[in-house]
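Just below is one structure, and these are the notes that go with it.
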Protein chains: 2
Amino acid sequence: MATINDIAKLAKVSKATVSKVINQHPGVKEETKKKVLRIMKQNNYWPNSVARSLSTHKSYTIGIFDPGRLNNFFFREVFEGIERVCGDKGYDILYFTDKKWDGSWVDFGYTEISKNRSVDGVIMMGFGRVETSKFDALLASDMPTVFIDLDLVGKNASYVTSDNFNGAKTAVRYLCQLGHEKIAMITGPNGFKVARERFSGFQSVLDEFEISYNPDWVFYCQYQLEAGYEAMKKILKMREKPTAIFAEDILAIGAIRAIRDHGFSVPEDFSIIGFDDIELSEHYDLTTIRQDKYMLGVSAAELVLKIINKKNSAPVILKTGLVKRATCRRITG
Amino acid sequence: MATINDIAKLAKVSKATVSKVINQHPGVKEETKKKVLRIMKQNNYWPNSVARSLSTHKSYTIGIFDPGRLNNFFFREVFEGIERVCGDKGYDILYFTDKKWDGSWVDFGYTEISKNRSVDGVIMMGFGRVETSKFDALLASDMPTVFIDLDLVGKNASYVTSDNFNGAKTAVRYLCQLGHEKIAMITGPNGFKVARERFSGFQSVLDEFEISYNPDWVFYCQYQLEAGYEAMKKILKMREKPTAIFAEDILAIGAIRAIRDHGFSVPEDFSIIGFDDIELSEHYDLTTIRQDKYMLGVSAAELVLKIINKKNSAPVILKTGLVKRATCRRITG
DNA sequence: GGCATCATGGAAACCGGTTTCCATACACTA
DNA sequence: TAGTGTATGGAAACCGGTTTCCATGATGCC
């Protein structure tokens with residue numbers, strides 16, 4: 001590949017001049033510029049972005065950390081949103097893999113990894129649990145950072161999330177308005193921030209409708225279909241059963257399968273409302289609360305670019321919406 | 001962040017020595033090495049990978065081009081396979097976004113993009129159609145390259161794919177062995193390489209069983225559920241209908257929905273066999289041919305690393321397997 | 001015609017590493 | 001004691017760009 005020196009020699013100018021042409025700096029005669037551009041084109045020259053990053057400390061790259069693997073049902077859509085925005089602004093995406101540092105002699109945090117790769121900003125996703133101490137250094141650093149679904153802020157850090165609290169309220173309120181008073185919740189692991197918020201929304205609506213809260217009807221489990229299935233099996237064995245269940249989609253689908261496998265049906269015997277609106281949900285005709293995953297990605301990318309450009313960095317909270325399908329029914333009594 | 005110069009000064013040695021320590025080169029006294037390592041650790045130093053790439057021409061980064069967006073049902077799994085292998089070997093992944101080059105003054109191909117970013121190798125995926133000319137430069141270059149589902153080879157290029165031909169044969173043979181003689185195929189766009197291979201497998205088994213080929217029973221469409229739905233609607237309107245349908249999963253599922261929406265059922269009225277085994281298929285209890293998407297990613301990454309390390313670069317063809325579920329039945333004719 | 005001003009382009013330092021090659025010091029041999 | 005070999009560490013060039021600052025020549029003005 002041709003380098004800037006080759007081009008300089010061929011054009012009989014200095015590399016400084018070539019650089020000015022590349023970067024459209026003023027102070028180069030039109031004629032000279034034309035000549036340099038022509039030589040560049042003839043030699044199919046494009047500046048080496050690594051060398052450029054080294055001197056400018058700018059790489060046109062956004063890093064992504066996703067060590068917990070963002071929920072499969074989410075990843076592609078969120079990623080696509082990020083990609084769209086980054087692409088439009090000329091950024092590429094560096095996906096940091098989980099690495100085994102064999103006998104690593106240095107403790108290595110997110111800040112070091114990203115600075116060492118010279119990314120211009122990072123998006124942190126797939127961290128479900130709330131243990132923020134490992135982000136302290138990152139938050140204190142000047143690395144532009146956006147968290148997805150973790151409400152952390154810092155000098156150069158902000159976050160993007162869906163309005164889980166109000167989304168959950170919409171869901172549960174919908175059930176209440178259909179006449180349900182015995183409502184169970186199957187949700188994610190207790191330590192998960194999004195799960196907690198949704199649970200708060202759930203409780204808040206129970207209060208609002210003066211429904212007493214029954215802790216036996218709350219199940220915390222991993223975000224896996226089977227876990228929803230098992231939780232529902234427990235419900236089916238209870239003497240006093242709820243009439244409706246609020247559960248994140250993948251768990252809701254597990255529950256639906258358990259219900260069907262045990263000879264009951266939805267919504268006749270149980271009304272089910274989900275949260276997320278993953279792709280599968282449509283196939284189960286699941287009534288649910290939609291999160292806009294694509295927009296989550298778009299917003300995260302836009303926000304990190306704003307922070308990079310020193311624009312405002314206010315957190316973004318995305319609205320959710322009720323998607324009525326076929327798994328909830330009105331009950332009387 | 002500390003640089004190699006800072007460390008050198010603090011340790012009262014030259015940067016050359018620090019570099020030797022970092023890279024575990026011989027010729028540094030144990031005592032000196034210890035001291036340097038201690039200083040590095042104290043200052044939380046890690047070498048800047050951009051500077052390093054510039055001088056070594058090695059970046060520990062694998063680039064991914066995916067402009068056509070690898071089928072959503074595939075992406076995450078393939079990506080995860082790639083990630084696992086890359087991570088284990090200390091590589092990160094640079095995802096090249098689709099960029100709009102406003103008034104770009106240079107024609108820009110895959111080779112230039114990857115060289116300019118100094119990736120050590122690239123994986124090309126999501127190119128369904130067979131137009132290979134745009135890969136000519138890449139194939140001729142020395143950039144280690146692996147194609148997924150496109151059988152292109154070059155000095156430093158190879159590919160990974162599933163055995164679509166034999167997979168399709170397994171599918172169709174299974175139908176034949178169940179007694180079906182009237183078999184339709186709903187497949188991807190005509191120009192798609194994988195679709196063509198599967199179609200060849202289909203035809204080959206028809207020959208094998210001496211079943212005459214009926215072109216009216218072959219439908220080419222986009223890989224979208226709705227397209228499968230529409231194709232099936234056409235079949236349902238035919239006077240002489242097939243008894244079985246071979247279709248890629250997403251199309252098969254569209255077909256199943258059409259069948260059900262029109263008052264028929266699977267497998268009573270039609271046997272359906274898919275290809276791919278996407279996540280959805282299990283939920284439809286679809287009998288299908290499984291492609292191991294994760295392994296596709298693993299193999300692609302392993303292969304590109306082999307090429308980088310000048311090991312063999314023989315193409316990898318992954319076996320497929322029949323997954324029997326509930327959408328095919330024996331007929332007696 | 002002499003001098004200030006401006007447009008243009010180049011020299012050189014720098015970004016943070018790697019690597020080659022040479023200098024030094026010390027030990028060992030003759 | 002001089003000569004040779006070996007272990008160790010440093011100087012400097014290099015990777016391919018950017019950027020600052022200065023030199024040069026042309027122009028404008030009095």
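Chain naming here is simple, since letters A, B, ... match the order of the sequence lines and numbering starts at 1 in each.
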Closest approach of A:Tyr159 to A:Val146 (non-hydrogen atoms, all atoms of both residues):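 Minimum heavy-atom contact is CA-CG1, 4.3 Å.
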Go through the steps for B:Thr61 and B:Asp92 under the test side-chain hydrogen bond (donor to acceptor under 3.5 Å, both in side chains), then give the verdict. CA-CA 5 Å; B:Thr61 308; B:Asp92 286 317; 5.9 Å; no
Output one letter per nucleotide in nucleotides 4-16 of chain C: B when a protein non-hydrogen atom lies under 4.0 Å from the base, S when only the sugar-phosphate is that close, - when neither is. ----SBBB---BB
Taking the side chain as every heavy atom from C-beta outward, state whether A:Asn156 and A:Lys310 have any atom pair closer than 4.5 Å.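 Yes - at least one pair of side-chain heavy atoms lies under 4.5 Å apart.
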Nearest whole Å is fine: how far is [N] [atom2] from [X] [atom1]?
| X | N | atom1 | atom2 | result |
| --- | --- | --- | --- | --- |
| B:Gln24 | C:dT19 | CD | P | 13 Å |
| B:Ile22 | C:dG17 | CD1 | P | 7 Å |
| B:Tyr60 | C:dG17 | OH | P | 16 Å |
| B:Asn23 | C:dG17 | CG | C1' | 9 Å |

For B:Lys9, give me all partners under salt bridge (Lys or Arg N to Asp or Glu O under 4.0 Å), at least two apart in sequence or on another chain.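 Salt bridge (Lys or Arg N to Asp or Glu O under 4.0 Å) list for B:Lys9, sorted by chain: empty.
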Salt bridge (Lys or Arg N to Asp or Glu O under 4.0 Å) against B:Glu197, all qualifying residues, sequence neighbours excluded: B:Lys193
In short, salt bridge (Lys or Arg N to Asp or Glu O under 4.0 Å) pairs touching residues 132-147 of chain A with sequence neighbours left out are A:Lys115-A:Asp142
Trace of the side-chain hydrogen bond (donor to acceptor under 3.5 Å, both in side chains) decision for B:Arg52 with A:Asn116: CA-CA 10 Å; B:Arg52 201 174 212 173; A:Asn116 140 59; over 6 Å; no
Students should find that the end-to-end axis angle of the helix from C:dG1-D:dC30 to C:dA30-D:dT1, with five pairs defining each axis and rounding to 10 degrees, is 60°
The ring pair (Phe, Tyr, Trp, His ring centres under 6.0 Å) partners of A:Phe65 (sequence neighbours excluded) come to A:Phe96, A:Tyr110
